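Encoded as structure tokens, the structure appears first; notes follow it.
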Amino acid sequence: MERSVAGLHGQELVLSNLSPSVAQRRFALGVVLVLLVVFVIVAGPLSGLPLRRVDAFIPAYGTAIFVIDSITAALLFAQFSVVRSYALLALANGYFLTALIAIPWTLTFPGVLAPEGGLGGGLQSTVWLYVLSHLGFALFAIVYTLLKDADPMEWVSPRSIRAWVLTTVGLVTALVCCATVFVTAGHALLPRIMLDTAEVSYLWYYVIGPMAALFVVALVLLWLRHRSVLDLWLMLVLFAYIVEIALTAFPIPYRFSIGWYAGRIYGVLSGSFVLLILMKEVTMLYGELLRAVLAQRREREVRLLTGDAVAATVAHEIKQPLSAMIMNASTGLRWLDRATPNIDEAKAALQGIVSSGHRADAVIENIRTLFKRDARTRTSLDVNNLIREALDLVRDDLQKYRVAVQTDYNPSLPPIEGNQVQLQQVLVNLITNAIDSMATEDGDRILSLRSKVYDPVNLLVSVEDVGKGVEPSAVDLIFKPQFTTKVHGMGMGLSICRSIIEAHGGRLWVTANLPQGAIFQFTLPVHREH
Ligand code: ADP
């Protein structure tokens, strides 16, 4: 938890900085294999097989690309505004470019708005727009790769961040507008790539070849420099792009052939990878941050509560020995003030002062250990070990009051993350209370300690005694500071136990042990791998 809170200040929790886990790498590899298998099946002789022309396919495909890529771009722009890395700005613009080009691409596709392409330009315009979108994306991906390890921008105001976003978005929009005008109104000036829906000119291979090569360069570069989750998924996107180009270009790029349809689907897939992963990771990170912030707030509250409680307890507990000292001192003085001072009585009074002093000292020491925050750091802990250590600490008391201990540990409990000193303190407090409650009762004295899995994310520890039990009316009161039914009790133990358990993300409560006694139980979240 400390780690996540630290992440709030550093930028470890930003996607472009998080390193991928083994599971994420494996998943990415799995996706690559699936893409390859499908490619092998679809490519080959099947690829050129013409399928029925589905008129709704193109607008649906264009819209999907537009929506997916523009949302991805928006998320990446948002990441850029947090991390202020030029690399993210470039990548966001890459997605923005492909999103934007999807509009004229769809509108110029023959048969969507008009048989010869809506904006004029016919067959050629869609091909050139396709090339521009792919080349642009590959170039932006390369810029991303080259810049991603550079230092972020110096601190700049949110306004300059906005200016960067607006300027680059403006430039990309202008580029797409110019390109659209050029490939539609000026299409006659462009070399002809597509002769008809089933035939391409030799130029096609001179264009598609370098384009594919550029993606390979981008992929290799990123492979050499990859570090973060985002890099991993971007590699996947580049890979899907390469497969898509291969399907579109070879062996013969018939429109509405199996290979062509498959290429389009790969196109949508490559857009979706980063988006889905961005959404998933952003949501998970949000959850994690929320947990961290809540834990931090709870910890602060606990600290305030314990601060108040310390003050109250010190005042309450020290008052008594202090009054005793004052009383003893005046008595001693009176014995000495006599015509014949009574040394023995004076000595006894002084003795009283010494023992009151010791008591005050012990009280303070007690409070200090209760509130000790020496090791705020949390480590991975085995709950069963914690219970064994706590039992060791109270061994003398267990013997003194002849308490039999029964244990029932689940040996395969996952570890928890916590503060060893504090959790031991909780167990020692609960066990001591159980011993106290049984010490006043006749009959067998049995202390039972259990550990088990509570639910998929929590463990449960219970401390059971057969003592006098807790009155139903006192169930809530006993957790309040300074509530005690013991002559020398401080009434702080359970309130501190609850604070500690809650600060660890768990819960502590009491139930009746039938036929007799009390069961104190607490949960602790299992240690999650980050
Ligand atoms: P203290 O032990 O100093 O009284 P605690 O906060 O630990 O302070 O406990 C508060 C009160 O809760 C105790 O005085 C006692 O009345 C009740 N209590 C705690 N544990 C038990 C138990 N195992 N059985 C019965 N009563 C208990």
Side-chain angles (χ1 to χ4, degrees), residues 302 305-321 359-360 362-372 387 390-391 393-394 396-398 400-408 421-451 460-503 506-522:
V302 167
L305 169 82
T306 48
D308 270 3
V310 172
T313 317
V314 171
H316 184 257
E317 295 296 310
I318 297 296
K319 223 178 182 142
Q320 195 274 330
R359 221 171 91 69
V363 167
I364 288 177
E365 193 48 41
N366 242 343
I367 297 169
R368 238 172 55 79
T369 39
L370 281 180
F371 291 93
K372 213 181 248 169
I387 303 179
L391 279 174
L393 290 173
V394 294
D396 288 348
D397 277 351
L398 290 170
K400 183 167 155 197
Y401 293 103
R402 295 186 312 284
V403 174
V405 179
Q406 281 179 353
T407 53
D408 176 12
V421 180
Q422 290 183 342
L423 292 176
Q424 249 166 28
Q425 202 173 310
V426 170
L427 281 162
V428 168
N429 263 319
L430 295 181
I431 297 173
T432 312
N433 276 346
I435 299 175
D436 285 350
S437 124
M438 293 190 287
T440 53
E441 301 287 295
D442 300 328
D444 287 343
R445 293 171 184 165
I446 303 164
L447 171 74
S448 307
L449 290 157
R450 287 179 221 287
S451 66
L460 180 91
V461 176
S462 64
V463 179
E464 309 179 9
D465 63 62
V466 291
K468 59 181 161 46
V470 181
E471 289 289 319
S473 57
V475 163
D476 286 329
L477 286 179
I478 57 173
F479 291 101
K480 298 227 176 324
Q482 292 166 35
F483 176 87
T484 182
T485 53
K486 301 174 193 168
V487 185
H488 296 296
M490 296 208 298
M492 292 305 299
L494 287 177
S495 98
I496 291 163
C497 289
R498 190 169 254 186
S499 306
I500 292 176
I501 293 296
E502 286 184 355
R507 261 179 354 105
L508 166 69
W509 70 98
V510 64
T511 52
N513 192 10
L514 297 174
Q516 195 184 345
I519 308 179
F520 281 82
Q521 289 173 301
F522 61 86

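Computed from a predicted model, the values in this text were never measured in an experiment. All ligand and atom numbering here is 1-based and tracks the order in the structure.
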Under 4.0 Å from ligand 1, counting heavy atoms only, is it the side chain of Phe479, its backbone, both or neither?
-> neither
Which atom pairs, one a donor and one an acceptor, fall under 3.5 Å between side chains of residues 506-515 and the rest of the protein, sequence neighbours left out?
{"unit_1": "Trp509", "atom_1": "NE1", "unit_2": "Gln521", "atom_2": "OE1", "d": "3.2"}
{"unit_1": "Asn513", "atom_1": "ND2", "unit_2": "Asp465", "atom_2": "O", "d": "2.9"}

Lys486-ligand 1 polar pair, N/O distance under 3.5 Å = yes
Looking at ligand 1, does any of its N/O atoms fall within less than 3.5 Å of an N/O of Asn433?
-> yes
When rounded to the nearest 0.5 Å, the distance separating OG1 of Thr485 from NZ of Lys468 is 4.5 Å
Asp436 side, atom CG; Glu441 side, atom CD - distance, nearest 0.5 Å | 12.0 Å
Quick one: pull up CD1 in Ile435 and NZ in Lys400 and give me the separation to the nearest 0.5 Å.
-> 10.0 Å
Which option out of Ile478, Asp465, Val463, Val470 puts a heavy atom nearest to atom 27 (C) of ligand 1?
-> Val470
Ignoring angles and geometry beyond distance, decide whether Ala518 reaches within less than 3.5 Å of ligand 1 through its nitrogen or oxygen atoms.
-> no
Report yes or no: does Ala434 have a heavy atom closer than 4.0 Å to ligand 1?
-> yes
CG/Leu427 to OG1/Thr432 distance, rounded to the nearest 0.5 angstrom?
-> 10.0 Å
Run the numbers for me: atoms of ligand 1, each under 4.0 Å from some heavy atom of Phe483, listed by number.
-> 10 (C), 11 (C)
Using a strict 4.0 Å cut-off to heavy atoms of Gly469, name the atoms of ligand 1 that fall inside it.
-> 25 (C), 26 (N)
Hey, is Asn429 one of the residues with a heavy atom under 4.0 angstrom from ligand 1?
-> no
